[in-house]
Amino acid sequence: MKEETLHIKNMVCPRCITAVEKAFIDLKIPFEKIVLGQVSLQNGITSEQLEQLDKVLTEQGFELLTSNNAKLVSEIKTVIIEQIHHNTEPLQVNFSDYLSQKIGYDYQHLSRLFSSVVGMTINRFIVVQKIEKVKELLFYEEFSTEKIADRLNYNSVAYLSSVFKKETGMTLTEFKNLKNPERKGIDRL
């Protein structure tokens with residue numbers, strides 16, 4: 001038996017949690033709790049079970065993480081994705097403080113590690129995630145651009161518009177007017 005917590009890459013939404021939960025149930029591996037990117041086990045896991053689990057998860061587009069650096073990078077991504085895509089309230093502190101609090105490491109350490117492993121900065125990853133969330137909110141026309149800017153912690157609609165234009169090459173209005181706008185899945189960003 002080894003490990004009480006497993007880290008799984010590419011878990012980005014509630015459906016991912018359901019898919020991973022099904023894999024654990026099918027393989028009869030008892031777990032306490034499954035959240036984005038992480039599974040808490042009841043009794044640990046054998047090497048054989050770990051091998052079977054890795055195979056099943058890989059077939060579904062997930063990746064079982066084994067190195068500490070990979071686990072930490074996955075945790076950083078999960079915290080960012082949860083905040084941007086699944087929380088409805090704007091963040092009350094800056095992202096660097098938020099990440100440090102949630103993960104328990106100095107932001108400079110997290111930043112260096114993330115950049116070296118992912119090949120982009122944490123700030124760039126945040127911008128990419130926010131732009132995809134803006135696209136989603138514009139596509140479904142649930143909120144005004146003012147509400148979107150506020151929800152994603154942009155100081156103004158003008159600043160949001162400028163970042164959006166820089167990232168996508170089009171204005172918010174041009175994007176809204178597209179018949180089939182291009183959007184990417186969170187796990188592809």
Side-chain angles (χ1 to χ4, degrees), residues 3-17 20 32-41 62-140 142-168 172 183-189:
E3 289 202 60
E4 294 182 8
T5 300
L6 297 176
H7 295 271
I8 301 171
K9 183 177 176 182
N10 295 332
M11 287 181 68
V12 295
C13 66
R15 281 189 304 264
C16 295
I17 292 171
V20 169
E32 289 180 17
K33 182 171 137 185
I34 299 177
V35 296
L36 291 178
Q38 193 171 310
V39 179
S40 300
L41 301 174
F62 301 109
E63 182 182 340
L64 194 56
L65 299 175
T66 53
S67 83
N68 286 336
N69 286 349
K71 290 175 187 177
L72 195 52
V73 166
S74 177
E75 194 173 347
I76 293 167
K77 286 182 174 183
T78 298
V79 168
I80 292 169
I81 288 168
E82 266 184 12
Q83 178 57 42
I84 293 172
H85 294 281
H86 303 295
N87 285 343
T88 56
E89 294 300 315
L91 196 56
Q92 299 301 314
V93 297
N94 63 38
F95 247 111
S96 58
D97 292 340
Y98 181 70
L99 285 170
S100 291
Q101 286 174 349
K102 290 289 276 185
I103 298 174
Y105 282 91
D106 174 67
Y107 181 76
Q108 296 306 319
H109 172 73
L110 297 176
S111 179
R112 280 190 301 274
L113 175 67
F114 191 89
S115 294
S116 69
V117 172
V118 177
M120 79 168 62
T121 66
I122 289 176
N123 287 340
R124 178 82 186 119
F125 185 77
I126 290 168
V127 168
V128 169
Q129 293 296 326
K130 282 184 172 185
I131 292 303
E132 283 306 310
K133 186 63 178 180
V134 169
K135 288 178 181 180
E136 175 188 331
L137 295 172
L138 289 172
F139 180 78
Y140 292 113
E142 293 178 34
F143 302 105
S144 67
T145 51
E146 291 82 8
K147 181 68 177 162
I148 293 171
D150 179 56
R151 182 173 174 180
L152 294 173
N153 285 36
Y154 286 101
N155 295 333
S156 67
V157 173
Y159 182 57
L160 167 61
S161 298
S162 125
V163 172
F164 191 86
K165 173 91 174 169
K166 181 180 173 191
E167 292 295 317
T168 65
L172 295 169
R183 292 184 46 222
K184 297 177 186 172
I186 299 170
D187 61 332
R188 304 272 187 252
L189 298 176

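Counting begins at 1 with the first residue of the sequence. The shown structure was predicted, so the numbers you read here are calculated from the model rather than taken from an experiment.
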Closest heavy-atom pair and its distance - [X], [Y]:
| X | Y | value |
| --- | --- | --- |
| Leu91 | Val93 | CG-O, 3.2 Å |
| Thr145 | Leu160 | O-CD2, 4.1 Å |
| Ile131 | Phe164 | CD1-CA, 3.8 Å |
| Cys13 | Leu36 | N-CD2, 3.4 Å |
| His86 | Val12 | NE2-O, 2.9 Å |
| Val35 | Met11 | O-CE, 3.3 Å |

Please check if the side chain of [X] supplies one atom and the backbone of [Y] the other of a donor-acceptor pair under 3.5 Å.
| X | Y | result |
| --- | --- | --- |
| Ser100 | Tyr105 | yes |
| Lys130 | Leu152 | yes |
| Ser161 | Val157 | yes |

Could you give the distance from [atom1] ([X]) to [atom2] ([Y]), rounded to the nearest 0.5 Å?
| X | Y | atom1 | atom2 | answer |
| --- | --- | --- | --- | --- |
| Leu65 | Ile8 | CG | CD1 | 8.5 Å |
| Glu142 | Lys147 | CD | NZ | 11.5 Å |
| Ile81 | Glu132 | CD1 | CD | 11.5 Å |
| Tyr98 | Asn153 | OH | CG | 11.0 Å |
| Gln92 | Asp97 | CD | CG | 13.0 Å |
| Asn69 | Leu113 | CG | CG | 4.5 Å |

Do other residues, nucleotides or ligands put more than 12 heavy atoms under 6.0 Å from the NZ atom of Lys133?
yes
Looking at Tyr107, I'd like to know if its OH atom is crowded, meaning that more than 12 non-hydrogen atoms belonging to other residues, nucleotides or ligands lie closer than 6.0 Å.
yes
Once salt bridge (Lys or Arg N to Asp or Glu O under 4.0 Å) is applied, what residue pairs with a partner in residues 8-17 remain, sequence neighbours excluded?
Lys9-Glu63
Sorted by chain and number, sequence neighbours left out, salt bridge (Lys or Arg N to Asp or Glu O under 4.0 Å) with Arg124 holds for Glu167
Decide yes or no for Leu137 and Arg151: does some side-chain heavy atom of the first lie under 4.5 Å from some side-chain heavy atom of the second?
yes
List the steps and the verdict of side chain to side chain contact (heavy atoms under 4.5 Å, CB included) for Phe143 and Asp150.
CA-CA 10 Å; Phe143 302 105; Asp150 179 56; over 6 Å; no
Identify which one of Val118, Asn123, Ile122, Val117 satisfies the side-chain contact (heavy atoms from CB on, under 4.5 Å) criterion when paired with Met120.
Val118
Does the side chain of His85 pick up a donor-acceptor pair with the side chain of Gln129 at under 3.5 Å?
yes
